[in-house]
Amino acid sequence: AMEKSYVSIFLLLIVISCALAKDAGKKDSKDTAAKPKLPQTLSRGWGDQLIWTQTYEEALFRAKHSQKPLMIIHHLEDCPHSQALKKVFAEHKDIQNLAEKFILLNLVYETTDKNLAPDGQYVPRVLFIDPSLTVRADITGRYSNRLYAYEPSDISLLYSNMQKALKLLKTEL
């Protein structure tokens, strides 16, 4: 267990150093004022017409009170894997339609809830939480070393996992 905590601390340091480097880079670029940038919506590009929650706490509250499952996507703006998954997710009509049945949250930072990192803090990863606020650790992708990771080629598996998250709901409530 000891080396596992070392690994997560090391990963955290990498994430923090990336974040710091990103902020440092922002201040230098004066030319960005020339092109007006579209305001960043809560969707962060995962589905602009969908309703996204702002915080994990708000998402949990809404899941519980609406009796809808919650889908949480952890990603980073400058991670090529996150970008690739985001592109196919946003362009997948069936996923975008099905997503309307969920409370949605996408995060570019980690929460303090360890249940959202059952096997580590990597991106992109997608987790489902049911309205009883139980993390459905049983709804996994295809990689044994990163259970909640999806590649663009896994988009149909993600779609069927979304269907599974909704089905579980009907059978259990």
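With sequence neighbours left out, the side chain to side chain contact (heavy atoms under 4.5 Å, CB included) criterion links Ala99 to Leu50, Leu104, Met162. Partners of Gln96 by side-chain hydrogen bond (donor to acceptor under 3.5 Å, both in side chains), not counting sequence neighbours, listed by chain and number: Gln49. Take Arg142 and apply the salt bridge (Lys or Arg N to Asp or Glu O under 4.0 Å) test, not counting sequence neighbours, and it matches Asp154. For Lys87, the salt bridge (Lys or Arg N to Asp or Glu O under 4.0 Å) partners are Glu91, not counting sequence neighbours. By the side-chain hydrogen bond (donor to acceptor under 3.5 Å, both in side chains) test, Thr55 pairs with no residue at all, sequence neighbours left out. Partners of Asn145 by side-chain hydrogen bond (donor to acceptor under 3.5 Å, both in side chains), not counting sequence neighbours: none found. Partners of Glu151 under the salt bridge (Lys or Arg N to Asp or Glu O under 4.0 Å) rule, at least two apart in sequence or in another chain, do not exist in this structure. Tyr56 meets the ring-ring contact (aromatic ring centres under 6.0 Å, His included) test with no other residue; sequence neighbours excluded. Looking at residues two or more places apart in sequence or on another chain, you find a side chain to side chain contact (heavy atoms under 4.5 Å, CB included) between Val123 and His74, Leu76, Cys79, Ser82. The side-chain hydrogen bond (donor to acceptor under 3.5 Å, both in side chains) test applied to Asp94 returns no partner, not counting sequence neighbours.
Within the 3.5 Å criterion, the main-chain N or O of Val108 finds no donor-acceptor partner in the side chain of Glu77. In this structure a side-chain-to-backbone donor-acceptor pair under 3.5 Å is missing from Thr134 to Asp130. Distance alone, capped at 3.5 Å, is enough to place a donor-acceptor pair between the Asp119 side chain and the Leu147 backbone. For the pair Arg44 (side chain) and Asn106 (backbone), a donor-acceptor distance under 3.5 Å is present.
Taking a cutoff of 4.0 Å between a charged side-chain nitrogen and a carboxylate oxygen, Glu110 and Arg125 qualify as a salt bridge.
Looking only at side-chain heavy atoms (C-beta outward), Leu105 and Ile73 stay at 4.5 Å or farther from each other. Between Pro131 and Lys64 there is no side-chain heavy-atom pair separated by less than 4.5 Å. With contacts defined as side-chain heavy-atom distances shorter than 4.5 Å, the pair Ile103/Met71 does not qualify.
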Run the side-chain contact (heavy atoms from CB on, under 4.5 Å) test on Val135 and Leu116 for me, step by step, so that the C-alpha distance in whole Å, both residues' side-chain angles and the decisive distance to 0.1 Å come before the verdict. CA-CA 7 Å; Val135 174; Leu116 290 186; 4.3 Å; yes
Val88 and Leu85: side-chain contact (heavy atoms from CB on, under 4.5 Å), yes or no, with the steps? CA-CA 5 Å; Val88 295; Leu85 184 64; 4.2 Å; yes
Which is it for Phe102 and Leu70 under the side-chain contact (heavy atoms from CB on, under 4.5 Å) test, yes or no, and what are the steps along the way? CA-CA 5 Å; Phe102 288 81; Leu70 163 59; over 6 Å; no
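Summarising the local packing, CG of Leu157 is surrounded by more than 12 heavy atoms from other residues, nucleotides or ligands at distances under 6.0 Å.
Summarising the geometry, atom CD1 belonging to Ile129 is positioned 8.0 Å from atom CG belonging to Asn115; distances are rounded to the nearest 0.5 Å. Within the model, atoms OG1 of Thr111 and CD of Gln121 stand 8.0 Å from one another, a figure rounded to the nearest 0.5 Å. A distance of 6.0 Å separates CZ in Arg136 from CD1 in Ile139, rounded to the nearest 0.5 Å.
Taking the six-membered ring where the residue is Trp, Phe89 and Trp52 present tilted rings, their angle falling between 30° and 60°.
Considering all non-hydrogen atoms of both residues, Ala84 and Pro152 come closest at CB-CG, 3.5 Å. Across all non-hydrogen atoms, the minimal contact from Ala63 to Leu133 is CB-CD2, 4.4 Å. Residues Gly45 and Lys86 approach most closely at O-CG, 3.5 Å, considering heavy atoms. Residues Ala137 and Thr140 come closest through the heavy atom pair O-CG2, 3.4 Å.
Using a 4.5 Å cut-off between side-chain heavy atoms of Ile, Leu, Val, Met, Phe, Trp and Tyr, with links allowed through other members, Ile72 and Ile51 fall into different hydrophobic clusters.
The stretch residues 140-159 participates, sequence neighbours left out, in these ring pair (Phe, Tyr, Trp, His ring centres under 6.0 Å) pairs: His92-Tyr159. Residue pairs satisfying the salt bridge (Lys or Arg N to Asp or Glu O under 4.0 Å) criterion with at least one member in residues 45-56, sequence neighbours excluded, are absent.
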